[in-house]
Amino acid sequence: MKPTFALVDCNNFYASCERLFRPDLTDTPIVVLSNNDGCIIARSQEVKDLGVKMGSPLFKVKGEIKRHVILVFSSNYTLYGDISSRVMQTLEQFSPYVEVYSIDEAFLDLSGIGALEEYGQKIRSTVIRHVGVPVCVGIGPTKTLAKLANYAAKKFKGTRGVVDLTDAQRQMKLMKITPVGEVWGVGRKLTQKLESQGITTAFKLAKMNPHQVRQSYSVVLERTVCELNGESCLELDEVGSKRQQIVCSRSFGEKLTCYSDLKEVVCEFGARAAAKLRGEEQLARMVTVFIRTSPFDKSGPNYANAATGSLVQPSSDTRQILELAVRMFDSIWCEGYRYAKAGIMLGEFCSPYDVQLDLFADQTDSQRNDSLMTAVDALNCKGQGKVWFGGQRPKKDWYIRQANVSPAYTTRWSCLPVVK
DNA sequence: TCTGGGGTCCTAGGACCC
DNA sequence: TCTGGGGTCCTAGGACCC
């Protein structure tokens with residue numbers, strides 16, 4: 001049986017989340033900012049129509065914000081995460097196979113289902129009724145075509161938010177009017193290169209010879225070409241597939257210059273990363289620490305460095321990870337810079353069930369360590385910062401700017417909206 | 001004054017081996 | 001005069017995604 005994929009994507013997701021408990025903002029233009037209130041990472045439709053670009057640094061668009069009376073929100077990931085899981089839960093009733101692709105979109109396997117457009121409309125109306133977030137649905141024989149269908153569903157109002165692209169004629173019709181840069185997997189660099197070769201639309205890309213594409217570009221683009229022609233190369237990746245890397249990093253609200261400050265921040269990130277790792281039920285072998293000044297900071301010299309180390313035994317024990325992280329940090333720390341960002345990466349994962357045990361280690365010790373970590377996680381499960389390790393600095397006095405953050409409406413009792 | 005964070009995959013080139 | 005060839009593994013960096 002030929003596969004059928006749907007891509008369900010929330011419209012202006014973060015902005016829609018902010019509106020969910022503020023019905024008074026239905027027609028107000030709003031933007032949501034990145035961590036530290038740095039860049040614009042989400043815009044409501046009105047703001048998109050005004051031409052405010054995604055990713056613009058806030059200070060560069062201050063004028064437009066003021067002129068058009070755009071309401072500004074700091075990001076509230078607690079809220080977005082909770083709304084996201086409600087959307088995903090709702091989607092599960094429409095397909096036995098759901099791949100949560102990002103916080104605001106999911107692929108569904110709709111193979112064998114008829115009357116697809118109607119089905120798509122049913123998905124839309126159900127999500128808006130159950131969660132209150134508007135979504136668009138794109139349907140196609142490959143993931144890339146489902147993505148393309150979703151693009152059309154968002155762009156053309158006449159589609160009422162659902163496009164079924166299983167028909168080859170419709171595929172061609174749409175691809176002829178779609179700029180090549182809108183194709184999933186074609187980014188800025190590739191767009192430039194393709195356009196310089198005269199490949200300006202999705203249709204022209206689809207008509208290229210896959211073998212030549214592989215030679216002049218890459219196997220990735222070759223796959224894209226095949227997918228545009230209805231040949232499914234990318235499978236549905238179901239929930240449960242493990243991550244290969246965990247990163248925890250932040251820019252600081254204020255530059256840090258002192259060794260102990262930065263070390264505490266690195267430990268804080270390390271502890272958070274280790275907790276995430278335990279949540280995944282994995283062990284890590286590799287730990288990388290990086291620190292850097294701001295590339296935009298012209299007031300002094302720039303410095304960026306990273307160091308990677310390996311644990312003797314794969315572990316998810318915060319203490320072992322922090323011990324190595326501090327060693328890595330010490331090896332790259334340099335006095336005299338104004339640091340803007342730091343982070344930690346964990347990698348080379350393995351399952352706790354197939355670790356090679358240390359011949360000389362006392363196994364009762366490792367069991368006790370596991371219990372300790374489980375206890376710490378349980379104590380910290382409702383938000384961070386109840387229990388922490390020496391070296392961490394959980395009080396956040398390295399300060400992240402968050403001037404306009406909305407309440408945690410759905411995850412904190414004290415923030416529950418009240419109906420009068 | 002002020003420029004996000006977290007992922008994946010592929011490739012080229014060097015080291016090393018026989 | 002004349003200096004192999006082929007394979008694997010690892011890493012850094014680039015491109016992409018949201």
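Proteins come first, then strands; the chains are lettered A, B, ... in the order of their sequence lines, and each starts at number 1.
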Legend entry - Interface residues of residues 323-340 of chain A with DNA chain B (non-hydrogen, below 4.0 angstrom): none
Legend entry - Members of residues 207-225 of chain A that approach DNA chain B, where some heavy atom sits under 4.0 Å away: A/Val219, A/Val220, A/Arg223
So [X], base contact, sugar-phosphate only, or nothing? Heavy-atom distance under 4.0 Å.
{"X": "A/Lys341", "value": "sugar-phosphate"}
{"X": "A/Ile246", "value": "sugar-phosphate"}
{"X": "A/Asp104", "value": "sugar-phosphate"}

Enumerate the protein-to-nucleotides 12-16 of chain C contacts in which both atoms are nitrogen or oxygen and the separation is below 3.5 Å.
from	atom 1	to	atom 2	distance (Å)
C/dA15	OP2	A/Lys189	NZ	3.4
C/dC16	OP1	A/Gly187	N	3.2
C/dC16	OP1	A/Gly187	O	3.4
C/dC16	OP1	A/Lys189	N	3.2
C/dC16	OP1	A/Leu190	N	2.7
C/dC16	OP2	A/Lys189	N	3.3

Legend entry - Qualifying salt bridge (charged side-chain N to carboxylate O under 4.0 Å, His left out) pairs, either residue in residues 56-65 of chain A, two or more places apart: none
Considering just the side-chain nitrogens and oxygens of [X], establish if one lies under 4.0 Å of OP1 or OP2 belonging to [N].
{"X": "A/Arg250", "N": "B/dG6", "answer": "yes"}
{"X": "A/Ser34", "N": "B/dT3", "answer": "no"}
{"X": "A/Ser251", "N": "B/dG5", "answer": "yes"}

To the nearest Å, how far apart are [X] [atom1] and [N] [atom2]?
{"X": "A/Met345", "N": "B/dG6", "atom1": "CE", "atom2": "P", "result": "10 Å"}
{"X": "A/Glu64", "N": "B/dC2", "atom1": "CD", "atom2": "P", "result": "21 Å"}
{"X": "A/Leu33", "N": "B/dG5", "atom1": "CG", "atom2": "P", "result": "13 Å"}
{"X": "A/Asp297", "N": "B/dC2", "atom1": "CG", "atom2": "P", "result": "7 Å"}
{"X": "A/Glu227", "N": "B/dC9", "atom1": "CD", "atom2": "P", "result": "15 Å"}
{"X": "A/Glu99", "N": "B/dG7", "atom1": "CD", "atom2": "C1'", "result": "13 Å"}
{"X": "A/Arg243", "N": "B/dG6", "atom1": "CZ", "atom2": "P", "result": "10 Å"}
{"X": "A/Ile40", "N": "B/dC2", "atom1": "CD1", "atom2": "P", "result": "18 Å"}

Name all residues meeting the salt bridge (Lys or Arg N to Asp or Glu O under 4.0 Å) criterion together with [X]; count only those two or more places apart in sequence or in a different chain, and write none if there are none.
{"X": "A/Arg292", "answer": "none"}
{"X": "A/Arg223", "answer": "none"}
{"X": "A/Arg43", "answer": "none"}
{"X": "A/Asp109", "answer": "none"}

Flag for [Y]-[X]: side-chain donor and acceptor within less than 3.5 Å:
{"X": "A/Ser251", "Y": "A/Asn36", "value": "no"}
{"X": "A/Asn12", "Y": "A/Ser44", "value": "no"}
{"X": "A/Glu18", "Y": "A/Tyr80", "value": "yes"}

Legend entry - Parallel, tilted or perpendicular: ring planes of A/Tyr409 versus A/Phe21, cut at 30 and 60 degrees: parallel
Inset, instruction - Using the six-membered ring wherever Trp is involved, compare the ring planes of A/Phe269 and A/Phe252 and label them parallel, tilted or perpendicular (cut-offs 30° and 60°). - result: parallel
Inset, instruction - Run the salt-bridge test on A/Arg327 and A/Glu323 with the 4.0 Å N-O cut-off and return the result as yes or no. - result: yes
Inset, instruction - For the pair A/Phe5 and A/Trp184, evaluate ring-ring contact (aromatic ring centres under 6.0 Å, His included) and give the outcome as yes or no after the intermediate values. - result: CA-CA 14 Å; A/Phe5 299 94; A/Trp184 192 37; 9.9 Å; no
Inset, instruction - In whole angstrom, give me the gap between the P atoms of B/dT3 and C/dC18. - result: 25 Å
Inset, instruction - Give the dot-bracket string for DNA chain B, reading 5' to 3', where a pair is Watson-Crick or G-U wobble with both distances under 3.5 Å, ( ) marks pairs inside the strand, [ ] marks pairs crossing earlier ones, | marks a partner on another strand, and . marks unpaired. - result: ....||||||||||||||
Side chain of [X] only, heavy atoms from C-beta on: which candidate in [options] is closest?
{"X": "A/Lys60", "options": "B/dT3, C/dC18, B/dG6", "value": "B/dT3"}
{"X": "A/Lys255", "options": "B/dT8, B/dG4, B/dT3", "value": "B/dT3"}
{"X": "A/Gln244", "options": "B/dG7, B/dC2, B/dC9", "value": "B/dC9"}

Inset, instruction - Decide yes or no on side chain to side chain donor-acceptor pair (under 3.5 Å) for A/Gln313 and A/Ser315, but give the supporting numbers first. - result: CA-CA 6 Å; A/Gln313 283 277 105; A/Ser315 169; over 6 Å; no
Legend entry - A/Glu280 CD: over 12 foreign heavy atoms closer than 6.0 Å: yes
Inset, instruction - Using heavy atoms and a sub-4.0 Å distance, could you list which residues of residues 141-150 of chain A are near DNA chain C? By number, please. - result: A/Lys147
Inset, instruction - Rounded to the nearest 0.5 Å, what's the gap from CD on A/Gln402 to OG on A/Ser75? Could you check? - result: 6.0 Å
Legend entry - Gap between atom NZ of A/Lys207 and atom OG1 of A/Thr201 - 0.5 Å precision: 10.5 Å
Legend entry - Pairing residues for A/Phe349 by the ring pair (Phe, Tyr, Trp, His ring centres under 6.0 Å) criterion, not counting sequence neighbours: none
Legend entry - Contact nearer the 5' end of DNA chain B, comparing A/Arg292 with A/Gln245: A/Arg292
Inset, instruction - Check whether the aromatic ring of A/Phe296 stacks on the base of B/dT3, taking stacking as ring centres less than 5.5 Å apart and planes within 30° of each other. - result: yes
Legend entry - Selection residues 129-149 of chain A - residue pairs positive for side chain to side chain donor-acceptor pair (under 3.5 Å), sequence neighbours left out: A/Glu99-A/Lys143, A/Glu105-A/Lys147, A/Thr144-A/Glu227
